[in-house]
Amino acid sequence: MKRTHWCGELRREHVGLEVVVNGWVHALRKVGRIVFLVVRDRSGLVQAVVTPKNPNYSLVSELSLESVVAIKGVVRLRPPNQVNPEMPTGEIEIDVKEVQVLNPAKPLPLPIFDKELMKTTSETFRLKYRYLDLRRFEMLRNLTVRAKFITALREFFNANGFIEVETPYLARSTPEGARDFLVPSRLYPGKFYSLTQSPQLFKQLLMIAGFERYYQVARCFRDEDPRADRQPEFTQFDVEMSFVTAEDVMNIVEEAMRYAFKKVFNVDLENPFPKIKYREAMDKYGIDKPDLRFELFLETVTEHVRGLIPLREGDVARALRFNFSEELTKNVEGLIKEIIPSDGKVKYVYVLRGSNDVVTNEVGLAGDLIKVFNLGIGEGLVVTSGEYIKASEAIGNLRNSLGKLLGLADKNTYKFAWVVDFPLFELDEEGRLTSMHHPFTSPKLEEIPKLDTNPLEVTAQAYDLILNGYEVGGGSIRINKRELQEKILAILGLSKDEMLDRYGFLLEALEYGAPPHGGIALGLDRLVAIALGYDNIREVIAFPKTKEMTDPMTGAPSKPPEEYLREIKWIKVLTD
RNA sequence: GCCGCGGUAGUAUAGCCCGGCCCAGUAUGCGGGCCUGUCGAGCCCGUGACCCGGGUUCAAAUCCCGGCCGCGGCGCCA
């Protein structure tokens, strides 16, 4: 019995046809002596009917849910009063002639087609039986949409003269940035590959190779703690172009987004996307990836609170005020406590003025703050104090989450924007200069002289693409001259020897006719997740890891057998 | 590494604050039965659980301590 039709495509026009469908037993309803069997495949559902006259009657009536079957039968119209308007195939049903049970199924551990129960089923459990979880139409849709989105981007970039090139995942470790996943080298005991954090250097080398326009759907690996929007391995849609300015890159990426969003979601995006300067973003929103779906601005209130809140030399105070409805008081308070770091670097006060009471973490201050800020009933105020960036980020982060909690952010709006004019460097915990983007980012050429005098004031030719409070892309114009690249690496504290050891291949390549070039990496998981309305990228990844970086299904990570460790010359394992 | 929340049948949830009325209730699933037009089928009967370890107490699902696991966040994420 060979499949002739998909379940979900059968319609009135197929009436009278003998068809064969394959699929899973989605539902089995025995009403009196009639058995209604709903068969499911990727395309949808169709009802089949068996009565006691049918030689397959007992076989069908004893089927278990989710068994795999092949059904041969004749499509017929349902009696007029039995049409199910909720079902695309609801006008017809299959009068069963022959049934093959290809594989009976045991009862499922996961109630996959009980929407109510699945809403609350723990994610660990879904991940343990991910192959069942993925049978749900919602997951099928998510991954289908993801595939369509990738296809749309490929179409767009192919049509614009880009070449898709694969680059290695096993590469040389470069200690900057995130922690690497290391892979021991069997042939060179004591040496390791690292899984690429991104194709950054390879794509630059492709530009030097003269490919001019490249893209790739690239897996990236970073050994840092996951979050709802971060996984240890994730997918970037990676793009690089030669002979372009930052504007050129941003323009083509905007076009790509407009094309893909229209094609896949039928959404018209703004044209052009707004651009915000980094400093303006920090000042107005306190964060470099503000959610622009709502207007709510930070204020600098250092002078208003001087004398009330203890300020160290150079500290600033930043404030966010907002209206909230009283039943959310607890949630707002919880959010503030959760988001603002309690590491002592930032101090914070909040005052939530209800109609009968005031909720605050500083009883002694609340009265004064209400007076100073003229805080009305139903208004909340959060003041952070400390070093400008820290105080701003703490409250900016809060702003993005508060927008969701207070319903300020419209779920059906996609608010893209570019954040530009990032500083080239920032200071790390130890007060050393580090690259804000990465060490291959070009400074604005006219600011090169400032590299020696005020490196922190040098602006990068870098740009982030943001969407609804998430960073969904980041890129820059790269350095294409050896001299400048060496200078940057030197400023970052690398000795000549270290430079040559780690980046010698790049530095040399820059001398053999490296064109000006730049590009971007788009966070594909985030883009698709946000477009579908999820905060959690695991919903658009077929087999994601948990927050603790495990896979409950396969049991990864696992302990390799001793012989294997011996073979790869890596038998010393330190635990803890 | 840190903070918060959580862990009760296959799944989900009630009970936990305020210990005894709980050999743990409910929904769904599963097993059996009834029903010839169901489609979240319906009705009847049955089945099955307190994360692990220690402590307090006459008595622990409930209180305390430790652990494990998960989710969210902070740090981290060039």
Side-chain angles (χ1 to χ4, degrees), chain A residues 26-38 45-53 64-66 78-87 89-90 93 106-129 132 174-180 197-198 200-201 220-232 234 333-346 390 393-394 397-398 401 422 424-426 428-429 433-441 460 462 471 474 476 488 492 521 523 535-536 538 546-548 550 552:
Chain A
H26 186 76
L28 194 71
R29 293 184 284 270
K30 297 174 213 174
V31 180
R33 302 246 97 79
I34 304 185
V35 177
F36 296 97
L37 168 73
V38 179
L45 305 171
V46 70
Q47 173 168 287
V49 185
V50 179
T51 54
K53 291 176 272 186
S64 58
L65 293 183
E66 296 301 311
R78 298 189 186 189
N81 58 330
Q82 295 300 330
V83 166
N84 183 349
E86 306 289 310
M87 251 175 122
T89 60
E93 62 193 6
K106 294 208 297 183
L108 264 43
L110 207 58
I112 50 175
F113 291 104
D114 186 324
K115 280 187 187 147
E116 289 307 307
L117 286 181
M118 283 308 290
K119 251 188 246 168
T120 40
T121 295
S122 83
E123 216 187 316
T124 323
F125 212 75
R126 288 175 50 203
L127 291 180
K128 176 158 186 192
Y129 293 101
L132 298 178
T174 53
E176 265 81 21
R179 248 187 309 276
D180 283 327
Q197 293 184 26
S198 80
Q200 183 59 38
L201 291 174
C220 303
F221 305 89
R222 296 181 190 175
D223 187 5
E224 297 292 345
D225 291 2
R227 285 287 188 282
D229 64 345
R230 274 171 23 198
Q231 282 272 303
F234 61 98
E333 187 182 24
L335 195 65
I336 293 167
K337 287 182 172 163
E338 184 170 10
I339 289 191
I340 300 187
S342 48
D343 58 5
K345 286 182 185 131
V346 174
K390 296 261 178 218
E393 273 176 351
N397 224 343
L398 176 67
S401 303
F422 282 87
L424 190 62
F425 302 112
E426 61 188 342
D428 71 7
E429 293 295 297
L433 287 171
T434 57
S435 291
M436 195 145 176
H437 192 53
H438 57 53
F440 319 109
T441 302
E471 181 196 327
S476 61
I488 299 293
L492 293 171
D535 291 325
N536 180 339
R538 293 185 295 264
T546 66
K547 206 207 152 193
E548 306 305 319
T550 63

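As the structure is a prediction and not an experimental result, all values here were calculated from the model. Just so it is clear: chains get the letters A, B, ... in the order the sequence lines come, proteins before strands, and each one is counted from 1.
- Applying the salt bridge (charged side-chain N to carboxylate O under 4.0 Å, His left out) criterion to A:Lys390, with sequence neighbours excluded, gives A:Glu429.
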Would you give a per-nucleotide map of nucleotides 7-12 of chain B, 5' to 3', where B means the base has a protein non-hydrogen atom under 4.0 Å away, S means only the sugar-phosphate does, and - means neither? ---SBS

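- For A:Arg222, counting side-chain heavy atoms from C-beta on, the closest listed nucleotide (B:rC77, B:rG72, B:rG70) is B:rC77.
- For the ring pair (Phe, Tyr, Trp, His ring centres under 6.0 Å) test, residues two or more places apart in sequence or in another chain that qualify with A:Phe422 are A:Tyr278.
- Listed candidates were B:rG70, B:rC30, B:rU36. Nearest to the side chain of A:Ile34 is B:rU36.
- If you check every strand for non-hydrogen atoms under 4.0 Å, A:Lys30 touches a base.
- As judged by a 4.0 angstrom heavy-atom cut-off over every strand, A:Asp114 is placed among residues touching the sugar-phosphate backbone only.
- The ring pair (Phe, Tyr, Trp, His ring centres under 6.0 Å) test applied to A:Phe234 returns no partner, not counting sequence neighbours.
- Qualifying side-chain hydrogen bond (donor to acceptor under 3.5 Å, both in side chains) partners for A:Ser401, counting only residues two or more places apart in sequence or in other chains: none.
- The same atom, P, is picked in B:rC17 and in B:rC63; the two are 5 Å apart, to the nearest Å.
- A:Ile340 has its CD1 atom 22 Å from the P atom of B:rC2, to the nearest Å.
- Evaluation of the side-chain contact (heavy atoms from CB on, under 4.5 Å) rule for A:Asn81 yields A:Pro79 as partners, not counting sequence neighbours.
- No contact: A:Arg126 has no heavy atom under 4.0 Å from any strand.
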How does RNA chain B look in dot-bracket notation if pairs are Watson-Crick or G-U with both distances under 3.5 Å, crossing ones as [ ], other-strand ones as |? (((((((..((((......[....))))((((((.......))))))...(((((..]....))))))))))))....

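- Rounded to whole Å, the separation between the C1' atoms of B:rA12 and B:rC58 comes to 36 Å.
- In this structure, A:Leu45 reaches neither bases nor backbone, as no heavy-atom distance under 4.0 Å exists between it and the strands shown.
- Judged as a side-chain contact (heavy atoms from CB on, under 4.5 Å), and not counting sequence neighbours, the contacts of A:Pro232 are A:Phe181, A:Pro226, A:Lys545, A:Met549.
- One C1' atom belongs to B:rC21, the other to B:rA27, and the distance between them is 24 Å to the nearest Å.
- Listed by first and then second residue, the side-chain hydrogen bond (donor to acceptor under 3.5 Å, both in side chains) pairs involving residues 107-119 of chain A are A:Glu116-A:Lys119 (not counting sequence neighbours).
- The residue A:Glu93 sits close to a base: some heavy atom pair falls under 4.0 Å.
- A:Tyr129 meets the ring pair (Phe, Tyr, Trp, His ring centres under 6.0 Å) test with A:Phe125; sequence neighbours excluded.
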Pick out the pairs of N or O atoms, protein on one side and nucleotides 45-47 of chain B on the other, that lie under 3.5 Å.
none

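- Across all strands shown, A:Thr550 has heavy atoms under 4.0 Å from sugar-phosphate atoms exclusively, and none from any base.
- Counting any heavy atom pair closer than 4.0 Å across all strands shown, A:Asn397 reaches sugar-phosphate atoms only and no base atom.
- With sequence neighbours excluded, the residues satisfying side-chain contact (heavy atoms from CB on, under 4.5 Å) with A:Asp535 are A:Lys404, A:Tyr470.
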